[in-house]
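Notes follow once the structure below has been shown.
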Protein chains: 2
Amino acid sequence: MRLADLSKHSGVSTATIKYYLREGLLPPGRQVNATTAEYDEDHLRRLRLVRALIQVGKVPVATAREVLGHVDDDSLGRTIRLGAALWALPQDTEPDEADPAVAAARVEVDRLLELLGWETSRELAPLSPVHRSLVVAVAALRRLDYPWDAELMAPYGELMMEVARRDLDFMETHASEAEKVEMAVAAAVLFQPVLRALHRLAQEEESARRYGIE
Amino acid sequence: MRLADLSKHSGVSTATIKYYLREGLLPPGRQVNATTAEYDEDHLRRLRLVRALIQVGKVPVATAREVLGHVDDDSLGRTIRLGAALWALPQDTEPDEADPAVAAARVEVDRLLELLGWETSRELAPLSPVHRSLVVAVAALRRLDYPWDAELMAPYGELMMEVARRDLDFMETHASEAEKVEMAVAAAVLFQPVLRALHRLAQEEESARRYGIE
DNA sequence: CTGCTTAGATAGTGGCGCTATCCGAGAAGG
DNA sequence: CCTTCTCGGATAGCGCCACTATCTAAGCAG
């Protein structure tokens, strides 16, 4: 399969594929001679993953490169690889430590994790990018004077834990071993738009039930 | 309060505030004379909401303008205003109707709504931007050959319905009447990063419990 | 040999969220 | 009253990002 074929099968323009090759999102094809390179099914699958991450998951190209780098790192075991890939995902703004809303958010988030009994997350809290994202988001809500506290959020946390259990069950039962890490990344990134859409649909539905459509 | 004071209280630069005024995200202040305009607490609150939407919610400026336009439209009743504002939110790419994955996704999403008994959503499906977003996201997952079907997703939908009920309860009990529509928008947009972070944290937590940290 | 296609390199494009600069009208201080 | 400072408003520009268009030289097909 040459570049043009890769383009035809994926619906991505050759120019864009070349761009992804340059950016290291896609491994180079097997060079046959100076004017020909050969690509295979793995390239096609990777290309589809890249497109999904960038277009549906809205992951920046630089972040996608980092995540995929971890996915491809054969020196790591599966569990570590998965963790490293997920770890690289969030790209939120850094919290402003001088802001009192951030400090308050940090306290509240820690209380939440305690309530939920998420011990691992509490231990990793100072390092985890995901934890940082949560603090930033909570600080923003507090700045708007919305009453946000651990007791209020605990049920949401438990619901998300339920969702996460389903994610992992799903991964265990359906993915072939070779695809598991890729699948975990896809689950983390691509389920997000699905969950968001379901959330909004549920809001519309429940709102219509409570207040009518008018 | 003059523009500089608005800037000091919000931490947003005067240049950026001017930009928001130009873009219609912020109503103009009361013009005192040719060189002075007076702003009040409402402007400050609105500015904070705008910042949160854009920075935390990652809502594009053009979309934020549209959403806030609905929030401010006094000719509408509260329910309609809320619906219109939420309706304006999603900014995903249009589904490619020629793509068979999109057609398949549409069928599967309709089955899902039937399973869930979300009648309102089914009726509004052809029009709803949120519904479109869901179809696009599902199509992307299907293109990656991940087994996605209505039965698998129904529990996620029920969990999101539970989340949505909590959102609306929260809105009912905590917001003053004047802030309800704003709050609904904030809940739709700003709870998203919180939910996402909780989801990822839960994944990390559950993964650590199942497979250890290593 | 001719003419078309290919891979690869490089520079350019368009959109977006600001940001820097300029200007003329007042306010502030002596 | 005059100088100096600051303000609000208008305009043009910047930096980033995800592409995309153009060019070149090498190959292969007839």
Side-chain angles (χ1 to χ4, degrees), chain A residues 1-40 43-44 47-68 91-94 140 189, chain B residues 1-40 43-44 47-68 91-94 140 189:
Chain A
M1 209 192 299
R2 286 185 297 181
L3 201 151
D5 301 311
L6 200 56
S7 169
K8 278 198 193 73
H9 282 92
S10 62
V12 179
S13 76
T14 59
T16 300
I17 295 176
K18 287 180 187 180
Y19 168 63
Y20 291 157
L21 286 166
R22 273 199 310 282
E23 293 295 320
L25 298 186
L26 216 52
R30 192 174 51 84
Q31 192 78 20
V32 175
N33 57 43
T35 69
T36 316
E38 190 67 20
Y39 301 91
D40 57 23
H43 285 94
L44 186 54
L47 178 55
R48 282 203 252 254
L49 178 61
V50 167
R51 283 303 271 190
L53 288 182
I54 290 174
Q55 292 207 317
V56 182
K58 305 275 165 71
V59 177
V61 165
T63 305
R65 175 174 46 230
E66 199 179 341
V67 170
L68 294 172
Q91 290 286 305
D92 289 332
T93 51
E94 292 288 318
V189 175
Chain B
M1 207 191 299
R2 287 184 297 181
L3 200 153
D5 301 310
L6 200 55
S7 167
K8 277 199 194 71
H9 283 93
S10 62
V12 180
S13 77
T14 58
T16 300
I17 295 176
K18 288 181 188 180
Y19 168 64
Y20 291 157
L21 286 166
R22 271 200 308 285
E23 292 296 319
L25 299 185
L26 216 54
R30 192 174 49 84
Q31 192 77 20
V32 175
N33 58 44
T35 69
T36 316
E38 189 68 19
Y39 302 92
D40 57 23
H43 285 93
L44 186 54
L47 177 55
R48 282 203 253 255
L49 177 62
V50 167
R51 283 304 270 190
L53 288 182
I54 290 174
Q55 292 207 317
V56 182
K58 305 272 167 72
V59 177
V61 166
T63 305
R65 175 177 42 229
E66 199 179 340
V67 170
L68 293 171
Q91 290 287 303
D92 289 331
T93 51
E94 291 289 316
V189 175

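Everything quoted here is computed from the prediction, not taken from an experiment. In what follows, every chain begins at residue 1, and chains take the letters A, B, ... in the order their sequences are listed.
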Whole-Å distance between [N] [atom2] and [X] [atom1]?
| X | N | atom1 | atom2 | result |
| --- | --- | --- | --- | --- |
| A:I17 | C:dG8 | CD1 | P | 12 Å |
| A:L53 | D:dC19 | CG | P | 12 Å |
| A:R22 | C:dA9 | CZ | P | 9 Å |

Below 4.0 Å: OP1/OP2 of [N] and any side-chain N or O of [X]:
| X | N | answer |
| --- | --- | --- |
| A:Y20 | D:dC19 | yes |
| B:T16 | C:dT19 | yes |
| B:Q31 | D:dG9 | yes |

(request) Determine whether B:V50 and B:V12 make a side-chain contact, defined as any pair of heavy atoms from C-beta on separated by less than 4.5 Å. (result)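 Answer no - side chains too far apart.
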(request) Evaluate the side-chain proximity of A:Y39 to A:L47: yes if any heavy-atom separation is below 4.5 Å, no if none is. (result)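 In short, these two side chains do not touch, never coming nearer than 4.5 Å.
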(message) If you assign each of A:R51 and B:A37 to its closest nucleotide in DNA chain D, which residue comes earlier from the 5' end?
(response)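 Comparing both residues, the 5'-ward one is B:A37.
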Give [X] one of three labels, base, sugar-phosphate or nothing, depending on what nucleic acid heavy atoms sit under 4.0 Å from its own.
| X | answer |
| --- | --- |
| B:A15 | base |
| B:L21 | nothing |
| A:R2 | sugar-phosphate |

(request) For the pair B:D40 (side chain) and B:H43 (backbone), establish whether a donor and an acceptor sit closer than 3.5 Å, ignoring hydrogens and angles. (result)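 A pair under 3.5 Å: yes.
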(message) Given C:dT6, D:dG9, D:dC19, identify the nucleotide with an atom nearest to the side chain of A:Y19.
(response)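 Among the listed nucleotides, the one closest to the side chain of A:Y19 is D:dC19.
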